[in-house]
Amino acid sequence: MKGQEFLRELNEEQRAAVLAPDGPILVLAAAGTGKTRTLVYRVVHLIRRGIAPDQILLLTFTNKAAREMLERAEAAAGAAVSGLWGGTFHHMANRILRRHAPLLGYPPEYTILDREDAESLMKRIVKSLEVDSLLFPKADVLLSLISEAANSGGPIEELIAGRFRDLSEATQMQIREAVFRYEKEKRALKAMDFDDLLVNGLRLFREHPEVEAYYQNRFRHVLVDEYQDTNFIQAEWVNRLAAAHRNLFVVGDDFQSIYGWRGADYRNILEFQKVHPETQVFKLETNYRSTPEILAVANACIAGNPRQFQKVLRSTRASRRPPLAARVRDGEAQARFIISQVRRLLGEGVRPDEIAVLYRAHFHALELQMRLMREGIPFVITSGPRFFEQAHLKDVLAVLRLMRNPGDAISFRRLIRQLPGVGQRTVDRLWERLGGMFSALQSSARRTLEGLLPRKAVEDWRRIASAWEAVERGETPIKALDVFVERFYRVYAETHFDDPERRLEDIQETQRYMAKYDSLDAFLSEVALMTNLEAEEESTRRQGAPCLRLSTVHQAKGLEWRVVLVPWVVEGMFPSARSLAENPLGHEEERRLFYVAITRARDELIFGVPELRQMRDGGIMFCKPSRFLEEIPKGLLQEVRLPYV
DNA sequence: CCCATCATGGTTTTT
DNA sequence: CCATGATGGG
């Protein structure tokens, strides 16, 4: 595209934001109003103005979003965008921390702990405290507490005192001890958990003004997508980054703030102008995505939330049929109904990948999944356990992680416990006798360990160790995994999993994926931070065939489909009972979540409203239609009741 | 001390 | 219904 021609692709609202002069800019972009396009063209505009791409930082909510934006910017601006920094807060913090980790007392090869790693670490700590297990919080509860403290920037002592006020003082003391040990152990492991990446990213700037000044100077323009979902640390971090040039361009929609439970605080967007008084504000309200009928429902839904920026979605599209609410008997009937709708749509020529089923929680889709499989309808799920958190992939990653970080006790335990005759106790003792580190790439260290192992473990141990020997001989890590699989893991997989072929294929897939990275550290960080959305995209890219999509509403953020079906729109499910119980403002966030689901739909929106729920104990529970449906004026929805079949 | 079996308890959302 | 945790035999 030449000259300013790209501006023709923008409407008045978007163009004003794209061309705005330097300074802090807040773009309030309602759903479907071309937020991504605005952000992309702002980047293009900056580059055309002569800003070097490596002076621009683009923070997005997922890496997928970053990649898409960069691809689009490249299409519009040519190869000129290369060098631009784009990705999630976690990624960018990691990228910066890898360079400066020693300033904070970490080696540059620090390991990133994913959720599972953190949980297993905490479990061991709780165990070592020898507490009365019935009255002591579970590891995941402790971790969520630590995370809450980190993300809100508040002191953890107060959180403990508040959340566990019913527990004895002695128990609270032990909780504080568990938290303390968790931090200490992470240090010993030379590892950071997800929150540490953000916390340390901020700490790096606070404690090292010369580093802060370097990045403040380097990034002349900072752009942030989905600003409504930033938390305390993230907001502080970007404020600091942009403090020198003051070119902070944030885009968001307070109506779509759905990560409050993770510390996101939409006051960041509401109060942006207070923090940056010279802010220019732009509103995008013209919706290009959905039919007027769908938007009417969206507007009616969000009207239930006061105290937010008032925005009304204006449609540009022609009318279609109104959204449909179908009352069905139960989950089974709902699954049959959804499948019949999918069949109808396919018959009308809708492509399967233009249809999505979006739900509040994974388990809402169980019945549907079974039925889809039984009926042979292909689908993809962007939910459930993350690709790289599956046991076999973590096993393989442990080989690599230990190679980079000799202090990684978690990987050590994982591998060594696979040896016959080695259980928890033995591995603990081994680790202690090794002095809390194991240099897998040194033959002397490997020999030392071999001498400490029980006799019957030695043969398998040598097989595992052959992977590291290969690296010592100068083989690549990818090749080393071949050795690991052929000498040890193939047999292990065949004897421990009921689907070894699939798992070995996953490993090959991982090796192919590794080939794209020029350093092992880069690969390992990427894998730790990769979401399902990104992993799944990787695998469908090869398989090709377009599929019906099943996803949580959270993971559907920023995406759109021609047809959206939402099951279980009943009280207790959507809104989720648990969310209402835990958070006094839970209903507002649930309503925003419902709004996000609605506004993903272009042409058709269909709700499933079962009348009863089969409980696990064999009983049944009657369901009330969701308050969010009741709030929508009659006439905006078409309601049907399906016969009991 | 390891490992398999049995019971129990608990189901939100994710970087 | 599934995963995790306790328990007891080897």
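No hydrogens, no waters, no symmetry mates; every other heavy atom, side chains included, goes into these values. Chain letters run A, B, ... following the sequence lines, proteins first and then strands; every chain starts at 1.
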Given C:dG5, B:dT15, B:dT14, which nucleotide is nearest the side-chain atoms of A:His554? B:dT14

To the side chain of A:Ala361, which of C:dG5, B:dT13, B:dT15 is closest? B:dT13

If you assign each of A:Val427 and A:Glu590 to its closest nucleotide in DNA chain B, which residue comes earlier from the 5' end? A:Val427

Measure the distance from [atom1] on [X] to [atom2] on [N] and round it to the nearest whole Å.
X	N	atom1	atom2	value
A:Glu148	B:dT13	CD	C1'	15 Å
A:Glu116	C:dT4	CD	P	8 Å
A:Met573	B:dT13	CE	C1'	14 Å
A:Asn231	B:dT15	CG	P	14 Å
A:Leu197	B:dT14	CG	C1'	14 Å
A:Leu358	B:dT13	CG	P	14 Å
A:Met530	B:dT15	CE	C1'	13 Å
A:Glu589	B:dT13	CD	C1'	9 Å

Under the criterion of centre distance below 5.5 Å and interplanar angle below 30°, is A:Trp261 classified as stacked on the base of B:dT13? yes

A:Arg591: side chain to side chain donor-acceptor pair (under 3.5 Å) partners, not counting sequence neighbours: A:Asn305, A:Glu631

Would you call A:Asp330-A:Arg613 a salt bridge at under 4.0 Å N-O? no

Is there a donor and acceptor pair, one atom on the side chain of A:Arg360 and one on the base of B:dT13, closer than 3.5 Å? yes

Who passes ring-ring contact (aromatic ring centres under 6.0 Å, His included) against A:Tyr595, sequence neighbours left out? A:Phe255

Which part of the nucleic acid, if any, lies within reach of [X] when heavy atoms closer than 4.0 Å are counted: base, sugar-phosphate only, or nothing?
X	answer
A:Arg425	sugar-phosphate
A:Tyr259	sugar-phosphate
A:Lys456	nothing
A:Arg429	sugar-phosphate

Quick one: is [N] close enough that its OP1 or OP2 comes under 4.0 Å of any side-chain N or O from [X]?
X	N	result
A:Ser576	B:dT13	no
A:His362	C:dC2	no
A:Lys138	B:dG9	no

So, for A:Glu590 and A:Pro575, which heavy atoms are closest and what is the spacing to 0.1 Å? OE1-CA, 3.3 Å

Row check, A:Trp85 ring normal vs A:Arg95 NZ/CZ: under 6.0 Å, within 45°: yes

